[in-house]
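Okay, structure first, notes after.
Residue indices begin at 1 and follow the sequence shown. Both ligands and their constituent atoms are indexed starting at 1 by order of listing.
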Amino acid sequence: MGAQQTFRLFINGEWVEPSKGGYAVVNPATEQVVGEAPEAGVDQVNDAAAAARDAFPAWSRTPPGERAEALQRLADVFERRIPDLVPLVQAETGATMRVAKTLQVTQCADRFRRYARLANENHDIPLPPSVMPNTALAKGGLIGAVVARQPVGVVACITPYNFPLTNMAGKVAPALAMGNTVVVKPAPQDPLAILRFAEAAEEAGLPPGVFNVVTGSGAEAGQALVEADIDMVSFTGSTPVGQRIAETAGRGMKRLLLELGGKGAGIVFDDADVAGAVAGIGSSWSFHSGQICTAPTRVIAHRDVHDELVDKLAAYAKFLKVGDPLADDTIVGPVITELQRDRVESLLDTGRQDGAEFVAGGVRPDLDSGFYVAPTLLTGVKNEWRVAQEEFFGPVVVVETFEDEDEAVALANGTPFGLYDYVWSADSVRAYRVARQLRSGNVGINTVQRNHEAPFGGFKLSGVGRDGGVFGLHAYSELQSIVFPS
Ligand code: NAP
Ligand code: MG
């Protein structure tokens with residue numbers, strides 16, 4: 001597999017040679033080239049936006065039932081191709097096989113099915129009639145209204161590395177279901193499976209221009225797409241890039257959905273089920289090498305449970321096998337690139353200089369190839385230190401302590417982020433009371449499990465807007481009030 005496969009841009013239903021050649025996508029475990037990804041020119045990004053613009057009127061007027069059928073067909077074709085796609089997405093992301101077979105592909109298909117179903121429902125909102133007096137403007141009477149959900153138009157879907165297909169599906173499925181057309185710009189590190197996904201879109205018979213994919217190795221393609229003739233940017237990625245996108249998009253009043261960074265606080269009270277908390281927090285190491293924005297990477301432990309929790313977390317971390325993601329017993333694979341491994345290590349260095357204790361990890365695993373970080377646990381961390389304030393996006397957990405509830409809340413809220421926090425406590429009233437005080441878009445109580453029907457998004461610098469479930473459809477719509485005498 002790999003270098004012999006060719007990948008091209010998908011623009012207006014056609015496979016297009018990139019005007020700027022290609023660049024190598026590297027397997028983070030083997031450091032071998034997985035394939036050559038196309039390097040799109042700015043003109044080609046604009047072509048993709050123009051194709052989506054041309055396709056919009058017809059697609060947006062297609063009856064919802066037909067759009068639902070198209071998305072179902074796409075999910076069917078995609079599902080048939082899953083066995084071929086798993087090795088590719090595994091190789092470009094470095095995911096363990098367990099993650100590659102489930103979260104990388106199954107959830108992608110699930111998302112298309114969910115939004116196919118939702119596309120079929122009527123999302124307009126009827127309003128009760130309103131009695132209006134005579135005014136200088138118009139005669140009085142009983143005035144009705146319906147709030148129609150209209151598609152926004154052309155949506156640029158810019159995604160991060162980690163779960164390329166699933167992230168893409170989380171944007172494309174609701175956007176298309178609502179009647180928008182899309183241009184997808186995957187992350188440079190792992191774009192290949194998304195280009196293969198475009199073959200499924202072609203085979204499923206999506207009209208030309210409804211779904212386009214452009215790729216590139218640097219910021220140019222994404223930046224050109226934000227500046228192109230589009231109506232909305234749906235972006236998932238880091239906060240600094242999100243801020244830059246918002247500035248550019250603001251000039252054109254382009255709509256924004258921004259899912260940005262996180263520094264998930266996990267508050268553990270002294271009455272918590274410690275084993276449950278350890279398993280939840282441990283997912284920050286074991287789940288895709290911590291390359292997930294929602295992980296509880298910043299533990300805020302009550303001082304009476306601190307030592308027991310740290311002992312158990314350390315034992316858990318040391319038990320996790322690091323290495324070849326293709327090996328059955330591997331739990332922690334590589335991080336995405338050498339650059340990212342170096343970023344994690346240099347942030348760890350700041351923790352060392354500040355005086356954190358490394359209870360687990362902190363030493364680069366001794367492996368022949370690949371970009372590995374050992375599951376790392378830092379204790380004695382102060383909230384103002386960089387290791388408590390900045391995202392690692394790797395298998396690192398830091399531990400702070402608290403004495404009372406107010407302090408726990410203040411510490412949890414004491415970063416610029418607010419994406420996903422957690423509370424572990426046996427007292428459900430307290431857990432709920434604390435959850436309500438957290439400035440965070442999502443709070444898990446005694447679980448890191450998700451509810452895919454719930455809205456997902458961030459407070460503060462973690463983003464703007466919500467997707468997930470029916471909220472995803474809403475995110476890709478504009479409300480239109482239609483007013484009439486009743
Ligand atoms: P990133 O560096 O922000 O890049 C994300 C995407 O933006 C890539 O496709 C990137 O392509 C593109 N991009 C960069 N500069 C751009 C610009 N000026 N204009 C338009 N597009 C631009 O993020 P990442 O390193 O891939 O992913 C890790 C980050 O994503 C973490 O901060 C993590 O927390 C966040 N994340 C958030 C969520 C969530 O749901 N909230 C989920 C997953 C990840 P180029 O690199 O080629 O520029
Ligand atoms: Mg990047």
- Rounded to the nearest 0.5 Å, what separation is found between the OG1 atom of Thr181 and the CG atom of Leu206? 11.5 Å
- Item | Per-atom contacts of ligand 1 with Arg244, taking only distances under 4.0 Å to non-hydrogen atoms | 18 (N)
- Message: Is there a polar contact, in the sense of an N or O pair closer than 3.5 Å, between Thr239 and ligand 1?
- Response: no
- Just by distance, do the side chain of Lys263 and the backbone of Arg298 share a donor-acceptor pair under 3.5 Å? no
- Query: If you measure from each non-hydrogen atom of Thr248 to ligand 1, which part falls under 4.0 Å: side chain, backbone, both or neither?
  - Reply: neither
- Query: Where on Leu260 is there a heavy atom closer than 4.0 Å to ligand 1, on the side chain, on the backbone, on both, or on neither?
  - Reply: backbone
- Per-atom contacts, ligand 1 versus Ile245 - under 4.0 Å to a heavy atom: 19 (N), 20 (C), 21 (N)
- Return a yes/no value for Thr236: is any of its N or O atoms, backbone included, closer than 3.5 angstrom to an N or O of ligand 1? no
- Message: Please check: side-chain N/O of Thr106 versus main-chain N/O of Leu103, any donor-acceptor pairing under 3.5 Å?
- Response: no
- Query: Distance-only, no hydrogens or angles: does the Thr215 side chain make a donor-acceptor pair with backbone N or O of Pro38 under 3.5 Å?
  - Reply: yes
- Message: Any non-hydrogen side-chain atom of Leu257 less than 4.5 Å from a side-chain atom of Val155?
- Response: no
- Message: Using a 6.0 Å distance limit plus a 45 degree cone around the ring axis, check whether Arg196 lies over the aromatic ring of Phe7.
- Response: yes
- Query: Does ligand 1 have a heavy atom under 4.0 Å from the side chain of Ile292, from its backbone, from both, or from neither?
  - Reply: neither
- Heteroatom distance test (Lys185, ligand 1): nitrogen or oxygen, under 3.5 angstrom: yes
- Item | Exercise: do Ser369 and Glu31 side chains pair donor with acceptor under 3.5 Å | no
- Message: Test of understanding: given a 4.0 Å heavy-atom threshold, classify the contact between Phe163 and ligand 1 as side chain, backbone, both, or neither.
- Response: neither
- Considering distance alone, does some N or O of Ser238 sit under 3.5 Å from an N or O of ligand 1? yes
- Task: Using a strict cut-off of 4.0 Å, indicate which atoms of ligand 1 neighbour a heavy atom of Pro188.
- Result: 11 (O), 45 (P), 46 (O), 47 (O)
- Query: Short question: side chain of Arg466, backbone of Gly458 - any donor-acceptor pair under 3.5 Å?
  - Reply: yes
- So which bit of Gln291 gets within less than 4.0 Å of ligand 1, heavy atoms only: side chain, backbone, both or neither? neither
- Item | ligand 1-proximal atoms of Glu259, by part, heavy-atom distance under 4.0 Å | both
- Query: Does an N or O anywhere in Ser462 fall below 3.5 Å from an N or O of ligand 1?
  - Reply: no
- Note on the structure: The atoms of ligand 1 lying under 4.0 Å from a heavy atom of Tyr161, numbered in the order shown, are 24 (P), 25 (O), 26 (O), 27 (O)
- Is the closest N or O pair between Gly218 and ligand 1 shorter than 3.5 Å? yes
- Item | Residue pair Asn167 / Asn162, side-chain donor-acceptor N/O under 3.5 Å | yes
- Query: What do we get for Pro186 next to ligand 1 when only non-hydrogen atoms under 4.0 Å count, side chain, backbone, both or neither?
  - Reply: backbone
- Task: With sequence neighbours excluded, tell me which residues meet salt bridge (charged side-chain N to carboxylate O under 4.0 Å, His left out) with Lys101.
- Result: none
- Angle class for the Tyr161/Phe393 ring planes (parallel below 30°, perpendicular above 60°, tilted otherwise)? perpendicular
- Item | Pairwise side-chain contact, Glu400 with Lys382, heavy-atom cut-off 4.5 Å (strictly under) | no
- Task: Pull out every atom of ligand 1 sitting under 4.0 Å from any heavy atom of Ala219, numbered as shown with elements.
- Result: 15 (N), 47 (O), 48 (O)
- Closest by any non-hydrogen atom to atom 15 (N) of ligand 1: pick that one out of Val241, Leu339, Leu258. Val241
- Any atoms of ligand 1 less than 4.0 Å from a non-hydrogen atom of Phe456? List them with their elements. 40 (O)
